[in-house]
There are 2 protein chains.
Amino acid sequence: MSPSDPPAPDPAACPPHKPDPRIQQPDAPDACTPEGTGHADRFTRAREAQAQALLEDYVEMIGDLIEQLGEARVADIAARMGVAQPTATKAIARLKREGLATARPYRGVFLTETGARMADRVRVRHRTVVEVLVAVGVPRDLAELDAEGIEHHVSSQTLAAFQSYLDQRG
Amino acid sequence: MSPSDPPAPDPAACPPHKPDPRIQQPDAPDACTPEGTGHADRFTRAREAQAQALLEDYVEMIGDLIEQLGEARVADIAARMGVAQPTATKAIARLKREGLATARPYRGVFLTETGARMADRVRVRHRTVVEVLVAVGVPRDLAELDAEGIEHHVSSQTLAAFQSYLDQRG
DNA sequence: TCGGCAATATAGCCGTTGCTAACTTGATGA
DNA sequence: TCATCAAGTTAGCAACGGCTATATTGCCGA
């Protein structure tokens, strides 16, 4: 290693480090980060998307179940999510906390207005992502698999671009 | 609600629930899940991808830092990831545990052979994802943002499809 | 040489998402 | 009617990934 001579851009021009470590939020991009333009923002963004992902998955699934079966049972939700029932119960509690779903103990789960709208949005986005993947040559079954993870990171603007692409390719 | 008459496919044909709750891994897709073809697998898959994502991000970033600055310091890693230094330290500990990086206390972080290979793979994948997004009409800066989250869910087969698409598209 | 400071590490907290085990509840059939 | 048992909930644990606060270390300049 050469710790004595790291080709740092300009160590002297930067304060050795934040003298004020109050909160290193992405608010202060800190141009002194070597070569660091906005990396942190990207990761922060991705992290936040991930936090939403679970809610989106549950909401969409509950919507599907209600549509297909007339109601969403915890057992079915858990089975489809591939988790144990208590895990599903806990997730539903979070949905309730966030105002996306309602549920009375030992009864089915239902979506609020907000939750239903989210479910629709998620469903559309999912379909669009799958279609784009298919359009660029990904086999449909594989597209379905990968879309599950991808969709949560597709911003609304990117989604719009996807739709334009599909339209003009129609 | 109509809990008395859910249009379930065939409740009687299914055992009320797993009499053997040992482990409800996706090993047993459980065809009795209503309409449940392989939903659980998808989510399990996405969950696993997510678990890898953090490692991939760190490894790629460490590779970048070494290339650009000659060494990867914890402070730089933390700044670029947009996290506090202890968070980065903890992540590096995990990288070490998983055999992706080496680090001596108070010295820089380095990649193992395995880690370096992962970094290369991740870098290529990231670039490819960005190019595909751009190719379908997403503005480049937005593509960079969204790719950060998307890339971790792009399977190797899908990646291959992406590359073919880019190739034949010139 | 050695004192001070920046960089790193450790300790300890919180929230999330998994899990299993054990308890409740409600619906069903004898 | 009521006993039974699946479905659901609650309790409690582990691993992660954040954070702040505090302790170490190592480096550099006086």
Side-chain angles (χ1 to χ4, degrees), chain A residues 1 3-6 8 11-12 14-26 32 34 40 43-44 46-48 50-55 57-58 71-79 81-98 103-109, chain B residues 3-6 8 11-12 14-26 32 40 43-44 46-48 50-55 57-58 71-79 81-98 103-109:
Chain A
M1 73 226 72
S4 52
D5 181 23
C14 289
H17 222 241
K18 302 235 181 175
D20 179 355
R22 300 178 57 90
I23 283 185
Q24 64 280 59
Q25 281 177 349
C32 275
F43 291 110
T44 301
R47 242 175 275 135
E48 283 160 3
Q50 194 53 38
Q52 274 288 102
L54 193 115
L55 295 185
D57 283 340
Y58 273 95
E71 69 173 350
R73 309 299 304 254
V74 172
D76 293 335
I77 296 168
M81 290 298 295
V83 299
Q85 282 189 13
T87 302
T89 298
K90 210 183 281 189
I92 292 162
R94 191 178 157 205
L95 292 183
K96 288 201 281 188
R97 249 192 294 137
E98 313 234 353
R104 301 202 320 278
Y106 299 98
R107 292 304 185 78
V109 181
Chain B
S4 53
D5 182 21
C14 290
H17 223 239
K18 301 233 179 180
D20 179 355
R22 301 177 57 87
I23 283 183
Q24 64 278 60
Q25 281 177 347
C32 276
F43 291 110
T44 301
R47 242 175 276 135
E48 284 161 1
Q50 194 52 38
Q52 274 287 102
L54 192 113
L55 294 185
D57 283 339
Y58 273 94
E71 68 173 350
R73 308 299 305 252
V74 172
D76 293 336
I77 296 168
M81 290 297 296
V83 299
Q85 284 188 12
T87 302
T89 298
K90 211 183 278 190
I92 291 162
R94 192 177 156 204
L95 292 182
K96 289 202 282 189
R97 251 192 292 136
E98 312 235 354
R104 303 203 317 279
Y106 298 98
R107 292 306 186 75
V109 181

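We name chains A, B, ... by the order of the sequence lines, and we start the count at 1 in each one. Heavy atoms only: backbone and side chains are in, while hydrogens, waters and symmetry mates are out.
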Atom-to-atom span, [atom1] of [X] to [atom2] of [N] - whole angstrom:
{"X": "B/Ile77", "N": "C/dA7", "atom1": "CD1", "atom2": "C1'", "result": "12 Å"}
{"X": "B/Leu54", "N": "C/dT16", "atom1": "CG", "atom2": "C1'", "result": "15 Å"}
{"X": "A/Asp76", "N": "D/dA6", "atom1": "CG", "atom2": "C1'", "result": "13 Å"}
{"X": "A/Gln50", "N": "C/dG15", "atom1": "CD", "atom2": "C1'", "result": "15 Å"}
{"X": "B/Arg94", "N": "D/dG18", "atom1": "CZ", "atom2": "C1'", "result": "14 Å"}
{"X": "A/Arg47", "N": "D/dC19", "atom1": "CZ", "atom2": "C1'", "result": "12 Å"}
{"X": "A/Glu71", "N": "C/dG26", "atom1": "CD", "atom2": "C1'", "result": "14 Å"}
{"X": "A/Met81", "N": "C/dC19", "atom1": "CE", "atom2": "C1'", "result": "15 Å"}

task = For the helix from C/dT1-D/dA30 to C/dA30-D/dT1, measure the angle between the helix axis at one end and the axis at the other, each built from five pairs, rounding to 10°.
result =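 Helix axis angle between the two ends: 10°.
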
Taking every non-hydrogen atom, the tightest pair across [X] and [Y]:
{"X": "A/Ala79", "Y": "B/Ala40", "value": "O-CB, 3.4 Å"}
{"X": "A/Ala88", "Y": "A/Tyr58", "value": "CA-OH, 3.9 Å"}
{"X": "A/Arg73", "Y": "A/Tyr106", "value": "NH2-O, 4.5 Å"}
{"X": "B/Ala91", "Y": "B/Leu54", "value": "CB-CD2, 4.4 Å"}

message = Rounded at 0.5 Å granularity, tell me how far CD in A/Gln85 sits from OG1 in A/Thr87.
response =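 Separation between the atoms: 10.0 Å.
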
request  = To the nearest 0.5 angstrom, please state how far the CD atom of A/Gln52 sits from the CG atom of A/Asp57.
outcome  =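 That separation rounds to 11.0 Å.
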
ask   = Within the pair A/Thr87 and C/dT17, is there a side-chain N or O less than 4.0 Å away from OP1 or OP2?
value =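 Result: no.
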
inquiry  = For C/dA7 and B/Arg73 - does any side-chain N or O of the residue sit under 4.0 Å from the phosphate oxygens OP1/OP2?
reply    =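 Answer no for this pair, as no side-chain N or O of B/Arg73 is under 4.0 Å from OP1 or OP2.
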
key: Residues in side-chain contact (heavy atoms from CB on, under 4.5 Å) contact with A/Glu98, at least two apart in sequence or another chain   =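 Residues passing side-chain contact (heavy atoms from CB on, under 4.5 Å) with A/Glu98: A/Leu55, A/Arg94, A/Leu100.
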
ask   = When the nearest nucleotide of DNA chain C is assigned to A/Glu98 and to B/Ala72 on a heavy-atom basis, which residue is associated with the more 5' position?
value =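 Whichever sits nearer the 5' end wins; that is B/Ala72.
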
Return the polar atom pairs (N/O with N/O) between nucleotides 9-15 of chain D and the protein under 3.5 Å, or none.
from, atom 1, to, atom 2, distance (Å)
D/dT9, OP2, A/Thr89, OG1, 3.0

